[in-house]
Amino acid sequence: MAIKQHLRKVATIVACLAVTAVFAACEKTNPGGDDDDPKGETDSKLIGTWERSAPDPQNYWHYYIWNINKDGTFYWLMSTTAEYSYKGNYSVSDGKIYFTNVVFTNDDLVRNERDSYVDYKFGTDSEGKERLEISNTGDSWMGSPWWYRTE
């Protein structure tokens, strides 16, 4: 039984890495050709794919991927034995990320989430690796406090 659980975890991690590779292969510029972001709705340091992993209280590991696009859209995926995701729009102002038109999906369930925001800043961990630090998540569906940029 334990081997089956470990194989399931390995399969989940492999699937998540495949999703990360797809995001990493995406073109990083605006397909319309305007890379100057005239709306001023993004922070260029936010753009890209961020990830993190952590165990839950039952010691099942969860793998998170957050793809933040320059066009003001995002995709957020959590994977373990089941997957769920959020996608929607965002804008940035005064150290806050504002989420709108967010849709939650989990297998057969699809629902709209309320608009919300989180505070963010960039920092480094104890090894000097850059990370995105999220706080004030009480009003948001996003509960993950920090993210690392994918390589």
Side-chain angles (χ1 to χ4, degrees), residues 8-31 35-107 109-151:
R8 186 180 308 148
K9 290 178 186 178
V10 169
T12 299
I13 291 170
V14 169
C16 291
L17 290 174
V19 170
T20 301
V22 168
F23 285 139
C26 292
E27 188 175 338
K28 302 248 194 264
T29 59
N30 183 340
D35 290 334
D36 293 330
D37 187 26
K39 296 179 184 178
E41 294 177 348
T42 60
D43 178 338
S44 62
K45 285 182 71 174
L46 282 173
I47 305 307
T49 302
W50 299 85
E51 65 184 352
R52 74 179 302 257
S53 60
D56 67 12
Q58 291 78 33
N59 206 29
Y60 284 102
W61 279 83
H62 300 273
Y63 185 73
Y64 304 87
I65 300 170
W66 188 12
N67 192 44
I68 303 173
N69 302 306
K70 187 172 186 141
D71 67 359
T73 62
F74 72 91
Y75 181 77
W76 187 97
L77 171 75
M78 198 260 340
S79 182
T80 182
T81 55
E83 290 187 357
Y84 64 87
S85 65
Y86 295 90
K87 65 180 180 177
N89 301 319
Y90 77 94
S91 60
V92 176
S93 178
D94 299 323
K96 294 181 181 0
I97 304 172
Y98 296 91
F99 301 104
T100 58
N101 302 315
V102 177
V103 177
F104 168 83
T105 304
N106 181 6
D107 295 327
L109 176 64
V110 176
R111 74 170 182 253
N112 294 321
E113 293 289 326
R114 70 186 181 287
D115 292 351
S116 61
Y117 74 91
V118 295
D119 296 321
Y120 79 96
K121 67 180 181 177
F122 295 95
T124 55
D125 66 11
S126 60
E127 297 174 0
K129 188 173 180 181
E130 180 187 37
R131 69 181 181 187
L132 172 60
E133 299 173 356
I134 302 293
S135 61
N136 194 26
T137 60
D139 185 44
S140 173
W141 45 266
M142 176 183 278
S144 303
W146 45 261
W147 298 79
Y148 289 99
R149 187 178 301 280
T150 57
E151 303 280 328

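Residue numbers start at 1 and run along the sequence shown. Fair warning: this is a prediction, and the values are worked out from it, not measured in the lab.
- In the model, Tyr90 has no side-chain atom that pairs as donor or acceptor with a side-chain atom of Asn69 under 3.5 Å.
- Looking at Trp50, Tyr63, Trp66 one by one, the single match for ring pair (Phe, Tyr, Trp, His ring centres under 6.0 Å) with Trp147 turns out to be Trp66.
- Taking a 6.0 Å sphere around CD of Gln58, one finds it holds more than 12 heavy atoms contributed by other residues, nucleotides or ligands.
- Tyr148 OH to Tyr64 OH: the interatomic distance, rounded to the nearest 0.5 Å, is 15.0 Å.
- Note that Lys45 lies in the cation-pi zone of Phe122, set by a 6.0 Å cut-off to the ring centre and a 45° limit from the axis.
- Side-chain atoms of Thr49 and Asn67 form a donor-acceptor pair, as typed in the model, at a separation below 3.5 Å.
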Between Val118 and Lys96, does a side chain to side chain contact (heavy atoms under 4.5 Å, CB included) hold up when you go through it step by step?
-> CA-CA 6 Å; Val118 295; Lys96 294 181 181 0; over 6 Å; no

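- A perpendicular orientation is assigned to the rings of Trp76 and Tyr86, their planes being inclined by more than 60° (bins at 30° and 60°).
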Steps toward side chain to side chain contact (heavy atoms under 4.5 Å, CB included) verdict (Asn112, Val102) | CA-CA 6 Å; Asn112 294 321; Val102 177; over 6 Å; no

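- Looking only at side-chain heavy atoms (C-beta outward), Tyr117 and Asp115 stay at 4.5 Å or farther from each other.
- Ionic pairing of Arg131 and Asp125 is not present here: no N-O contact between side-chain nitrogen and carboxylate oxygen is shorter than 4.0 angstrom.
- Seen from the ring of Phe74, Lys87 does not count as a face-on cation partner, given the 6.0 Å and 45° thresholds.
- Between Tyr120 and Asp43 the shortest side-chain heavy-atom distance falls below 4.5 Å.
- In this structure, the side chains of Tyr75 and Thr73 stay at 4.5 Å or more apart for every pair of heavy atoms.
- Because its NZ or CZ atom is both nearer than 6.0 Å to the ring centre of Trp146 and within 45° of the ring axis, Arg52 counts as a cation-pi partner of that residue.
- Side-chain atoms of Tyr84 never come within 3.5 Å of backbone atoms of Asp107 as a donor-acceptor pair (strictly under, hydrogens ignored).
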Let me see the working for Arg149 and Glu130 under side chain to side chain contact (heavy atoms under 4.5 Å, CB included), right down to the final yes or no.
-> CA-CA 8 Å; Arg149 187 178 301 280; Glu130 180 187 37; 4.0 Å; yes

